[in-house]
Amino acid sequence: MLLVEDEPAILESLAFVLERDGFTPHPTSSLSSALERLQSETFELVVLDLMLPDGSGFDLIRTLRASGRGEPALIVLSSRDHEQDRVRALEMGADDYVTKPFSPREMVARARAVLRRTRQGAPQEV
(Lines give C-alpha, C1' and ligand atoms only; values in the text may rest on other atoms or scores of the structure.)
Protein backbone atom coordinates (compact mmCIF):
# COMPACT_ATOMS: atom_id res chain seq x y z
CA MET A 1 0.00 0.00 0.00
CA LEU A 2 1.33 3.41 -0.98
CA LEU A 3 0.55 6.24 1.45
CA VAL A 4 0.86 9.71 -0.05
CA GLU A 5 0.52 12.35 2.67
CA ASP A 6 2.55 15.50 3.29
CA GLU A 7 1.72 15.97 6.98
CA PRO A 8 4.41 13.97 8.86
CA ALA A 9 2.28 13.29 11.95
CA ILE A 10 -0.60 11.89 9.88
CA LEU A 11 1.75 9.89 7.64
CA GLU A 12 3.54 8.33 10.60
CA SER A 13 0.44 7.53 12.66
CA LEU A 14 -1.49 6.13 9.69
CA ALA A 15 1.46 3.97 8.64
CA PHE A 16 1.71 2.66 12.22
CA VAL A 17 -1.99 1.80 12.43
CA LEU A 18 -2.08 0.14 9.02
CA GLU A 19 1.02 -1.93 9.74
CA ARG A 20 -0.39 -2.97 13.12
CA ASP A 21 -3.49 -4.20 11.30
CA GLY A 22 -1.62 -6.33 8.79
CA PHE A 23 -0.92 -3.96 5.91
CA THR A 24 2.50 -3.13 4.50
CA PRO A 25 2.49 0.65 4.14
CA HIS A 26 5.04 2.47 1.98
CA PRO A 27 4.89 6.15 3.01
CA THR A 28 5.80 9.07 0.79
CA SER A 29 5.11 12.78 1.11
CA SER A 30 5.06 14.23 -2.41
CA LEU A 31 3.43 13.81 -5.78
CA SER A 32 6.77 13.34 -7.55
CA SER A 33 7.95 10.59 -5.22
CA ALA A 34 4.57 8.85 -5.48
CA LEU A 35 4.78 8.90 -9.28
CA GLU A 36 8.34 7.50 -9.18
CA ARG A 37 7.30 4.67 -6.87
CA LEU A 38 4.25 3.84 -8.96
CA GLN A 39 6.46 3.53 -12.06
CA SER A 40 8.85 1.12 -10.39
CA GLU A 41 6.63 -0.79 -7.94
CA THR A 42 3.19 -2.36 -7.90
CA PHE A 43 0.66 -1.49 -5.21
CA GLU A 44 -2.82 -2.85 -4.63
CA LEU A 45 -3.95 0.30 -2.86
CA VAL A 46 -2.98 3.97 -2.78
CA VAL A 47 -4.13 6.27 0.03
CA LEU A 48 -3.78 9.77 -1.36
CA ASP A 49 -3.92 13.29 0.04
CA LEU A 50 -5.16 15.83 -2.50
CA MET A 51 -3.09 18.80 -1.36
CA LEU A 52 0.59 17.96 -1.77
CA PRO A 53 3.55 20.35 -1.74
CA ASP A 54 4.44 19.73 -5.39
CA GLY A 55 1.03 19.30 -6.98
CA SER A 56 -2.52 18.11 -6.71
CA GLY A 57 -3.58 14.59 -5.86
CA PHE A 58 -6.12 14.98 -8.65
CA ASP A 59 -3.17 14.83 -11.06
CA LEU A 60 -2.15 11.47 -9.61
CA ILE A 61 -5.69 10.13 -9.92
CA ARG A 62 -5.75 11.24 -13.56
CA THR A 63 -2.38 9.60 -14.24
CA LEU A 64 -3.37 6.33 -12.56
CA ARG A 65 -6.69 6.04 -14.31
CA ALA A 66 -5.36 7.10 -17.72
CA SER A 67 -3.44 3.83 -17.86
CA GLY A 68 -6.75 2.07 -18.42
CA ARG A 69 -5.83 -0.78 -16.09
CA GLY A 70 -8.15 0.37 -13.29
CA GLU A 71 -5.55 -0.41 -10.65
CA PRO A 72 -4.41 0.19 -8.01
CA ALA A 73 -7.42 0.79 -5.79
CA LEU A 74 -7.47 4.37 -4.54
CA ILE A 75 -8.71 6.02 -1.36
CA VAL A 76 -8.53 9.80 -1.14
CA LEU A 77 -7.72 11.14 2.34
CA SER A 78 -8.18 14.90 2.37
CA SER A 79 -9.14 17.90 4.44
CA ARG A 80 -11.05 19.11 1.37
CA ASP A 81 -14.58 18.26 2.44
CA HIS A 82 -16.64 20.09 -0.17
CA GLU A 83 -19.08 17.98 -2.12
CA GLN A 84 -17.55 19.10 -5.42
CA ASP A 85 -14.13 17.71 -4.38
CA ARG A 86 -15.60 14.39 -3.26
CA VAL A 87 -17.66 14.02 -6.42
CA ARG A 88 -14.75 15.03 -8.66
CA ALA A 89 -12.40 12.48 -7.06
CA LEU A 90 -14.96 9.68 -7.27
CA GLU A 91 -15.85 10.53 -10.87
CA MET A 92 -12.15 10.57 -11.78
CA GLY A 93 -11.78 7.03 -10.44
CA ALA A 94 -11.21 7.12 -6.68
CA ASP A 95 -12.75 4.12 -4.95
CA ASP A 96 -13.46 5.95 -1.69
CA TYR A 97 -13.05 9.39 -0.11
CA VAL A 98 -12.27 10.02 3.57
CA THR A 99 -12.15 13.49 5.09
CA LYS A 100 -9.79 14.69 7.81
CA PRO A 101 -9.99 14.44 10.71
CA PHE A 102 -10.55 10.70 10.40
CA SER A 103 -10.71 7.63 12.57
CA PRO A 104 -7.75 5.27 12.08
CA ARG A 105 -10.06 2.28 12.70
CA GLU A 106 -12.42 3.53 10.00
CA MET A 107 -9.51 3.98 7.57
CA VAL A 108 -8.43 0.37 8.15
CA ALA A 109 -12.01 -0.82 7.62
CA ARG A 110 -12.35 1.23 4.43
CA ALA A 111 -9.03 -0.07 3.09
CA ARG A 112 -10.17 -3.65 3.69
CA ALA A 113 -13.55 -2.96 2.07
CA VAL A 114 -12.02 -1.37 -1.02
CA LEU A 115 -9.59 -4.27 -1.41
CA ARG A 116 -12.41 -6.81 -1.04
CA ARG A 117 -14.27 -5.09 -3.88
CA THR A 118 -11.24 -4.73 -6.16
CA ARG A 119 -9.22 -7.91 -5.67
CA GLN A 120 -11.16 -10.45 -7.74
CA GLY A 121 -9.02 -13.47 -6.97
CA ALA A 122 -5.78 -11.65 -6.13
CA PRO A 123 -3.55 -12.93 -3.33
CA GLN A 124 -4.66 -11.98 0.17
CA GLU A 125 -1.38 -10.27 1.20
CA VAL A 126 -1.64 -6.48 1.51
Side-chain angles (χ1 to χ4, degrees):
M1 168 191 306
L2 182 63
L3 298 178
V4 188
E5 169 63 57
D6 66 326
E7 294 182 44
I10 293 174
L11 186 63
E12 184 177 313
S13 64
L14 185 55
F16 173 80
V17 168
L18 289 165
E19 187 168 0
R20 182 192 67 201
D21 282 280
F23 291 90
T24 305
H26 298 271
T28 189
S29 60
S30 69
L31 182 63
S32 59
S33 63
L35 287 168
E36 286 176 22
R37 297 206 59 184
L38 286 162
Q39 288 176 350
S40 62
E41 300 174 58
T42 301
F43 297 97
E44 280 189 278
L45 176 63
V46 175
V47 176
L48 172 66
D49 186 7
L50 290 179
M51 296 185 296
L52 298 166
D54 59 343
S56 169
F58 286 118
D59 294 332
L60 184 58
I61 297 172
R62 187 176 301 107
T63 299
L64 285 172
R65 296 312 186 226
S67 71
R69 297 180 308 167
E71 51 189 44
L74 178 63
I75 299 175
V76 171
L77 174 63
S78 180
S79 59
R80 296 174 69 158
D81 63 353
H82 297 292
E83 178 186 24
Q84 66 190 21
D85 293 319
R86 295 188 310 265
V87 169
R88 180 179 176 199
L90 293 167
E91 286 180 345
M92 288 178 72
D95 297 292
D96 201 353
Y97 194 108
V98 178
T99 57
K100 297 174 188 174
F102 64 97
S103 157
R105 286 182 49 189
E106 181 181 356
M107 179 56 81
V108 168
R110 287 178 180 270
R112 287 186 176 139
V114 165
L115 288 172
R116 274 194 309 271
R117 288 192 308 265
T118 59
R119 274 203 173 127
Q120 300 177 3
Q124 293 301 308
E125 183 180 329
V126 286

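Only a predicted model underlies this, so the values are computations on that prediction, with no experimental measurement involved. Values below: every heavy atom of this structure, side chains too, minus hydrogens, waters and symmetry copies.
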ask   = Does some side-chain heavy atom of Leu50 sit less than 4.5 Å from a side-chain heavy atom of Ile61?
value = yes
key: Side-chain heavy-atom pair Lys100, Ile10 within 4.5 angstrom cut-off   = yes
key: Under 3.5 Å donor-acceptor, Glu5 side chain and Glu7 backbone   = yes
query = Is there a donor-acceptor contact under 3.5 Å from the side chain of Asp81 to the main chain of Thr99?
reply = no
Nearest 0.5 Å, please: how far is [atom2] in [Y] from [atom1] in [X]?
X	Y	atom1	atom2	result
Asp85	Glu83	CG	CD	10.0 Å
Phe58	Thr63	CZ	OG1	13.5 Å
Arg88	Tyr97	CZ	OH	10.0 Å
Glu36	Ser30	CD	OG	7.5 Å
Leu115	Glu44	CG	CD	5.5 Å
Leu74	Leu45	CG	CG	7.5 Å

key: Stepwise side-chain contact (heavy atoms from CB on, under 4.5 Å) test for Val4 and Leu31   = CA-CA 7 Å; Val4 188; Leu31 182 63; over 6 Å; no
inquiry  = Using the rule that Ile, Leu, Val, Met, Phe, Trp and Tyr join whenever any side-chain heavy atoms are under 4.5 Å apart, tell me whether Leu48 and Leu90 fall into a single cluster.
reply    = no
ILVMFWY cluster, Met92 and Leu52 together (side-chain gap under 4.5 Å) = yes
How close do [X] and [Y] get, heavy atom to heavy atom, and via which atoms?
X	Y	answer
Ala15	Pro25	O-CG, 3.4 Å
Ser78	Asp49	CA-OD1, 4.0 Å
Asp6	Met51	OD1-O, 3.4 Å

task = Quick one: do Phe23 and Leu3 satisfy side-chain contact (heavy atoms from CB on, under 4.5 Å)? Show the steps, please.
result = CA-CA 11 Å; Phe23 291 90; Leu3 298 178; over 6 Å; no
message = Set out, in order, the CA-CA distance, both residues' side-chain angles and the distance that settles side-chain contact (heavy atoms from CB on, under 4.5 Å) for Met1 and Val47, then state yes or no.
response = CA-CA 8 Å; Met1 168 191 306; Val47 176; 4.0 Å; yes
message = Going by side-chain contact (heavy atoms from CB on, under 4.5 Å), Val46 matches just one of Leu38, Val76, Ile75. Which one?
response = Leu38
key: Passing candidate, side-chain contact (heavy atoms from CB on, under 4.5 Å) with Val108, options Arg110, Glu106, Arg112   = Arg112
query = Taking atom CZ of Arg20 as the centre, does the number of heavy atoms from other residues, nucleotides or ligands within less than 6.0 Å exceed 12?
reply = yes
task = Look at Arg62 together with Asp59 and state whether they make a salt bridge at an N to O cut-off of under 4.0 Å.
result = yes
key: SB check Arg65 Asp95 (cutoff 4.0 Å)   = yes
ask   = Given the rule in the side-chain contact (heavy atoms from CB on, under 4.5 Å) test, do Met107 and Val98 qualify, once you have shown the distances and angles that lead to the verdict?
value = CA-CA 8 Å; Met107 179 56 81; Val98 178; 4.0 Å; yes
